[in-house]
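To keep things clear, I will list the structure first and then write my remarks on it.
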Amino acid sequence: MFAVQHLIETLVRDALTAAVDSGELTLSEMPEVTAERPRDVSHGDWATNVAMRASKAAGMPPRQVAEIVSARMSGHPDVAAVEIAGPGFINIRLSNAALQRVVVEARAKGLDFGRSEIGAGRRVQVEFVSANPVGPMHVGHGRWAALGDSLARLLGHVGYSVEREFYVNDQGVQMDVFAESVAARYLELAGREVVFPEEGYRGAYITDIAREILAEEGESWADVPAAERESYFKEKAYAQVLEHLKHVLSGMGVTFDVWFSERTLHAPGPDGAPSAIERALARLVEAGYIYEHEGATWFRSTDFGDDKDRVLKKADGSYTYFAADVAYHWNKLDERGFDLVIDIWGADHHGYVKRMEAGVAALGHPGKLHLVIGQLVNLFSNGEVVRMSKRTGEMVTFEDLLDEVGPDAARYFFLRRSTDQALDFDIALAKEQSSDNPVFYVQYAHARICSILRKAAGDPDADDVATFVAGLIPADADLSILTAEAELALFRKLAEFSEIVELAAAGYAPNKLTRYAEELAASFHQFYTVCKVVDPDAPELTVARLAVVDAIRTVLETVLGLLGVSAPQRM
RNA sequence: GCGCCCUUAGCUCAGUGGAUAGAGCGUCCGGCUACGAACCGGGAGGUCGCAGGUUCGAAUCCUGCAGGGCGCACCA
């Protein structure tokens, strides 16, 4: 709950009860009292629909109820006006003093402005990207990387203790195929006759890895048994790809606290103790959700709304991928004790949502897993669709994209759309480092402010304005002289920030932040056009407006920081 | 056939119960002898896919239909 919203709701509720107590209003039922922000600013800063909600219970038209309630909403210093409008809305306009106070608060809190404690220190894990370590990442991975990292920053800002994790699928047939593919290329390079595996990975990167092994170790591996060669190459190539993944991700500023290996779930514990998968399975047996059928071991996921039951242990004795996933989430929630676990999955995995939620519920942690399903990325270039395929070797990879458009534009573009919307990413457009690109619009506002501050300080070459703003602008600058429309509009936008942060965090929706950043930048640019900041003839006005632009600077830096985008002081 | 996501201005998209549905781009008109014009102001542009329902009120919730995307393994 935000201070101002709370204040308004209290004001309305008090007026309502006072009217009832005095007998002016008779209610068969007390309506819920809520305050909301009208979409249209001409309707005021806050509005309540309580008169419409109470209309039936009061047995009179909404506007009449509104008359009675609003008459009792006396002059609080933060409230400038109360009006009745439309079908019975009560519109409340904040006083200039209340709006000016937001600037003071933003300056006082600095980069902590907009922080909240709704997370209450609870431990949350965000697992994302988790690309298979057998090849380069596609652009969809880039989207999950930007999304997961920004979500982690956002959750941290609202009081959660956050860990970022990458799940590495380093066990299974894909790893075998991967090893066979590298081995086949190695043999080719060594001049041996070889039939490339039917289902092998044909990307050029496989040959690159083989070439590197050949350069390092010579041709000696061509003459050892295939199993020995492939087993060695598997580890060698796996390590290389993993390093590559880390390298590309760090190129966009994304790092992980934990790289979790799937192998550890299959591995027996010390002294032959059961593996994590076996322990999780035993837990499900104990809870009564397991049965045997046609030689396989099944999980009764239909008890939790899944379409059909799922196999955990196949008839041949091996475990399914899903079994490892159940064990993995048991490890997260039970052994590591996270209060909340967020997995970001591509839309191509949405068919697994129900069974995963069923697994978590059966393990005794219902509701602690939140799956974010992100729609896929369609890559365009000059209006042409670019197909992505791990097999053709012709795909544009995440790395390629990052090299072309840079980390700031890539992140911003990835985050600008809601996650359940497919993303059309036009490389050619994103490459244009022009005003078409909204990230530059926002960054420009920040750089422009820094330029003003440098000018005001008489230090055009200063590297970092943060080092001198405190000395330049007193904390108790008198802001009451700031009453221009453009100024008040800017203060209103500033006041929305805490609200936007909480909404974005609660909805796992960083795209709300990109929108806000653009709106705040627009409000600033409008203010800048109308209001001269540095004016030697008006020292008090100059100080007050410097306080404003400095507050905006900090909030722009904060919101860009939550997106993982840089806030340059010059461009 | 079943499930999930999507359908809003010419284009790309915001908007999950409120008032005259918004933004960017594009288009047309206008604004620098003020601190960064990478900026700002204004105009034109809409059957919120279609049809019912719920209620004081629906782009938003429910049902059905149409169109597009993605999935429906003892694969990973």
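Quick note on labels: first sequence line is chain A, next is B, and so on, each numbered from 1. All values below were derived from every heavy atom in this structure, side-chain atoms included, with hydrogens, water molecules and symmetry-related copies excluded.
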Between B:rC74, B:rG71, B:rA76, spot the one nearest the side chain of A:A315, thanks.
B:rC74
When all nucleic acid strands are considered with a 4.0 Å heavy-atom cut-off, which category describes A:P38: base, sugar-phosphate, or nothing?
base
Pi stacking test for A:Y528 and B:rC35: under 5.5 Å apart, planes under 30°:
yes
Does A:A422 reach a base, just sugar-phosphate, or nothing at all? Heavy atoms under 4.0 Å.
sugar-phosphate
Between A:N437 and A:Y412, do the side chains contain an N or O donor and an N or O acceptor separated by less than 3.5 Å?
no
Roughly, in whole Å, what's the span from NE2 in A:H349 to P in B:rG71?
9 Å
Looking at B:rA14, I'd like to know if its phosphate oxygens (OP1 or OP2) sit under 4.0 Å from a side-chain N or O belonging to A:Q421.
yes
Spatial distance of atom CG (A:L562) from atom CG (A:L513) [nearest 0.5 Å]:
6.0 Å
Sugar-phosphate only, base, or nothing, as touched by A:E294 at under 4.0 Å among non-hydrogen atoms
base
Distance check: side-chain N/O of A:K512 vs OP1/OP2 of B:rA23, anything under 4.0 Å?
no
So, for A:L479 and A:A547, which heavy atoms are closest and what is the spacing to 0.1 Å?
CD2-CB, 4.0 Å
Are any side-chain N or O atoms of A:R63 and backbone N or O atoms of A:G86, one a donor and one an acceptor, separated by less than 3.5 Å?
yes
Hey, is the side chain of A:Y444 pairing donor to acceptor with the base of B:rC40 inside 3.5 Å?
no
Checking N1-N3 plus N6-O4 or O6-N4 for Watson-Crick, or N1-O2 and O6-N3 for wobble, each under 3.5 Å, the partner of B:rC4 is B:rG69
Which base sits across from B:rC50 as a Watson-Crick or G-U pair, both distances under 3.5 Å?
B:rG64
Paired nucleotide for B:rA59 [Watson-Crick or G-U wobble; both distances under 3.5 Å]
none
Go through the N and O atoms of the side chain of A:D307 and the base of B:rG3, and report whether any donor-acceptor pair is under 3.5 Å.
no
Nucleotide opposite B:rG22 in a Watson-Crick or G-U pair, distances under 3.5 Å:
B:rC13
Give a yes/no answer on whether the side chain of A:Y441 brings an N or O atom under 4.0 Å of OP1 or OP2 in B:rC40.
yes
Using only heavy-atom distances, decide whether a donor-acceptor pair under 3.5 angstrom links the side-chain of A:N511 to the base of B:rA14.
no
Would you mind classifying the nucleic acid contact of A:D424 as base, sugar-phosphate or nothing, using non-hydrogen atoms under 4.0 angstrom?
sugar-phosphate
Between B:rA76 and A:Y352, counting only base atoms on the nucleotide and side-chain atoms on the residue, is there a donor-acceptor pair under 3.5 Å?
yes
Nearest-Å distance, CD (A:E496) to P (B:rG15)?
14 Å
Would you indicate which nucleotide in B:rA19, B:rA14, B:rA76 comes nearest to any side-chain atom of A:N91?
B:rA19
Between B:rA38 atom P and A:R448 atom CZ, what is the distance in whole Å?
8 Å
On the 0 to 90° scale, with breaks at 30° and 60°, tag the A:Y352-A:W345 ring pair as parallel, tilted or perpendicular.
perpendicular
